[in-house]
Protein chains: 2
Amino acid sequence: MHDLLLSHLSKHISLSDEEAAKLTTYFEPKVFKKKAYLCRVGEIFREATFVDQGCFVTYSFDKNGKTHVAQVASEGWWAGDIYSFLTQKPSDYFVESFENSTVLQISKAGLETLYLEIPKMERYFRIIIQNAYISMRERMMAAMSKPAMQRYMEFLEAYPGIDQRVPQYVVASYLGIRPEFLSRIRKKLARR
Amino acid sequence: MHDLLLSHLSKHISLSDEEAAKLTTYFEPKVFKKKAYLCRVGEIFREATFVDQGCFVTYSFDKNGKTHVAQVASEGWWAGDIYSFLTQKPSDYFVESFENSTVLQISKAGLETLYLEIPKMERYFRIIIQNAYISMRERMMAAMSKPAMQRYMEFLEAYPGIDQRVPQYVVASYLGIRPEFLSRIRKKLARR
DNA sequence: TGAATTTATTGAACTAGATCATTTTTATAG
DNA sequence: CTATAAAAATGATCTAGTTCAATAAATTCA
């Protein structure tokens with residue numbers, strides 16, 4: 001049940017067997033059907049959510065009613081809105097499951113207790129935020145300097161298989177283009 | 001000398017007078033002339049750098065030789081490449097002073113020692129990274145959903161005065177547009 | 001299964017922003 | 001203070017990506 005989480009943790013910190021055992025008691029398994037919401041705009045994102053199976057999309061609507069995808073998270077990623085979770089302020093995003101999914105969740109309070117019991121976890125979450133920051137910065141730089149087709153190809157490399165699991169308009173929005181244009185890019189790529 | 005740093009810290013954590021006094025010994029004041037480099041591509045960004053006076057620009061060149069500005073930092077901000085500092089891996093950026101500047105610096109090792117002496121500082125830096133992440137995310141979403149003129153106006157609001165202190169091509173690059181186009185935007189805005 | 005709904009494709013016209021080349025303005029060093 | 005270099009402005013042209021509307025394909029669910 002907690003295997004994927006533990007193996008993910010072990011990439012960043014090393015835990016003894018007792019620590020691992022203790023840790024798992026803090027994370028509650030939960031199931032979400034496709035099209036369930038972990039959070040809606042204005043709500044606080046209360047549970048840090050590690051994806052064990054399935055996938056989640058974090059997105060918002062702008063004033064023109066257009067969707068903007070902030071994150072796509074599948075197995076082995078943290079889904080949702082880190083910022084709302086950490087600050088316990090209302091989120092600007094919807095977080096929705098795009099497949100039937102199973103996750104492991106921990107509340108802010110639970111996490112604070114866990115930090116006291118296993119201080120290494122503080123380090124782990126600092127690294128997670130750090131990585132979120134750097135990947136956001138890279139995406140930002142890419143959006144500004146690379147044409148959409150190249151961004152799409154790099155997306156396919158970076159998140160293999162994801163394009164089969166979420167609708168194309170989600171991918172388009174993640175890339176910062178309109179679905180019609182992604183369709184044309186795909187057509188061009190197919191012809192070769 | 002350390003006033004600005006202390007008042008900045010006090011926005012996020014509260015320090016006793018002794019802690020404040022101790023803390024200041026960890027931060028080394030340093031002066032950089034205009035056009036000095038805190039770091040070049042491929043170098044490790046070794047000193048976390050708090051800007052007391054002046055301003056710094058973090059930027060890279062893409063394969064077409066175009067500049068991309070990742071950050072502009074003036075008084076009261078941390079300048080440079082957080083990621084390279086935290087991981088002590090080579091930076092992908094240049095960090096250059098655009099005015100004669102004075103800063104306060106602390107090395108990674110110094111920071112680790114400081115964490116042991118004043119654990120609250122760990123919290124402070126977690127918040128700093130968190131904020132860096134959220135502002136990057138906002139900039140990302142803005143780049144994808146708002147036209148350049150609006151982004152420029154919001155930039156002027158968010159960083160008042162900065163547009164007078166760095167060349168316009170830096171602002172343009174920060175906004176993700178070419179300097180010629182920023183020039184046209186400014187002309188349009190002036191006529192009203 | 002098949003009707004209803006959602007998603008993806010395609011075409012034609014359009015536009016925000018880029019590119020390139022030239023000129024003007026501003027800053028800088030000596 | 002002036003000569004030189006760097007930055008900004010401007011005009012003309014171009015293009016990556018958008019918009020809108022219509023059609024086709026794929027999902028969903030009763």
Side-chain angles (χ1 to χ4, degrees), chain A residues 33-36 54-55 57 59 61-69 72 94 96-100 141-156 162-191, chain B residues 33-36 54-55 57 59 61-69 72 94 96-100 140 142-156 162-191:
Chain A
K33 289 219 170 118
K34 189 170 177 171
K35 296 203 178 183
C55 88
V57 177
Y59 62 91
F61 291 109
D62 67 19
K63 55 222 66 173
N64 307 318
K66 271 172 202 151
T67 302
H68 296 282
V69 170
V72 177
F94 294 91
E96 183 184 343
S97 54
F98 271 66
E99 290 178 351
N100 295 329
M141 299 304 260
M144 288 185 169
S145 64
K146 297 175 182 176
M149 192 194 285
Q150 191 181 342
R151 267 145 55 210
Y152 176 59
M153 292 188 304
E154 289 175 6
F155 173 87
L156 293 178
I162 277 289
D163 66 308
Q164 253 78 46
R165 297 172 61 187
V166 298
Q168 253 175 63
Y169 68 79
V170 167
V171 176
S173 170
Y174 182 89
L175 295 172
I177 58 178
R178 319 255 66 228
E180 295 93 328
F181 191 54
L182 178 53
S183 172
R184 286 176 234 267
I185 287 173
R186 285 165 49 81
K187 193 180 175 190
K188 224 174 219 172
L189 286 174
R191 282 202 312 252
Chain B
K33 287 220 170 117
K34 189 170 178 171
K35 295 201 179 186
C55 89
V57 177
Y59 61 91
F61 291 107
D62 68 19
K63 55 222 67 173
N64 307 317
K66 271 173 204 151
T67 303
H68 296 280
V69 170
V72 178
F94 294 91
E96 184 183 340
S97 54
F98 271 65
E99 291 178 349
N100 295 328
M140 171 87 227
M144 288 186 168
S145 64
K146 297 175 183 176
M149 193 194 286
Q150 191 181 343
R151 267 146 54 211
Y152 176 58
M153 293 188 304
E154 289 174 6
F155 174 87
L156 294 178
I162 276 289
D163 64 309
Q164 253 78 47
R165 297 171 61 185
V166 298
Q168 251 176 63
Y169 68 82
V170 167
V171 176
S173 170
Y174 182 87
L175 295 173
I177 58 179
R178 315 256 69 225
E180 295 93 329
F181 191 55
L182 178 54
S183 171
R184 287 176 233 265
I185 286 174
R186 286 166 48 82
K187 194 182 175 187
K188 226 174 219 172
L189 285 174
R191 282 201 312 252

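Chain identifiers are assigned alphabetically (A, B, ...) following the order of the sequence lines, protein sequences preceding nucleic acid strands; residue numbering begins at 1 within each chain.
Here D/dT28 presents its P atom at 12 Å from CZ of A/Phe98, a figure rounded to the nearest Å. C/dA18 atom P lies 13 Å from atom CG of B/Asn64, rounded to whole Å. Remark: C1' of D/dT28 and NZ of A/Lys33 are 14 Å apart, rounded to the nearest angstrom.
Heavy-atom distances to DNA chain D give each of A/Lys66 and B/Gln168 a nearest nucleotide, and the one nearer the 5′ end belongs to B/Gln168. Heavy-atom distances to DNA chain D give each of B/Lys35 and B/Arg184 a nearest nucleotide, and the one nearer the 5′ end belongs to B/Lys35.
Among the protein residues, A/Pro147 comes within range of the sugar-phosphate backbone only, with heavy atoms under 4.0 Å from sugar or phosphate atoms but none that close to a base. Contacts of A/Phe181 with the nucleic acid, taken as non-hydrogen atoms under 4.0 Å apart, include base atoms. Using a 4.0 Å heavy-atom criterion, one finds that A/Lys146 contacts no nucleic acid atom at all.
The side chain of B/Ile177 approaches C/dA18 more closely than any other nucleotide in the set D/dA7, C/dA18, C/dT7. In this structure, the nucleotide among D/dT19, D/dG17, C/dG17 sitting nearest to the side chain of A/Arg151 is D/dG17. Taking every side-chain heavy atom of B/Glu180 into account, C/dT19 is the closest of D/dT18, C/dT19, C/dT10. Comparing C/dA8, D/dA8, D/dA9 against the side chain of B/Tyr169 picks out D/dA8 as the nearest. Checked against D/dA7, D/dT28, D/dT18, the side chain of A/Lys34 finds its nearest nucleotide in D/dT28.
Using a cut-off of 4.0 Å between Lys/Arg side-chain N and Asp/Glu carboxylate O, A/Glu96 and A/Lys35 are scored as not salt-bridged.
A/Phe98 and A/Tyr59 have perpendicular rings, their planes meeting at more than 60° on a 0 to 90° scale where under 30° would count as parallel.
The overall bend of the helix from C/dT1-D/dA30 to C/dG30-D/dC1, read as the angle between its terminal helix axes built from five base pairs each, is 60° when rounded to 10 degrees.
Contact detail for A/Val69 and A/Val170: the closest heavy-atom pair is CG2-O, 3.7 Å. Pairing each heavy atom of B/Lys34 with each of B/Asn100, the nearest pair is N-OD1, 2.7 Å.
Between the side chains of A/Arg186 and A/Tyr152, at least one donor N or O lies within less than 3.5 Å of an accepting N or O.
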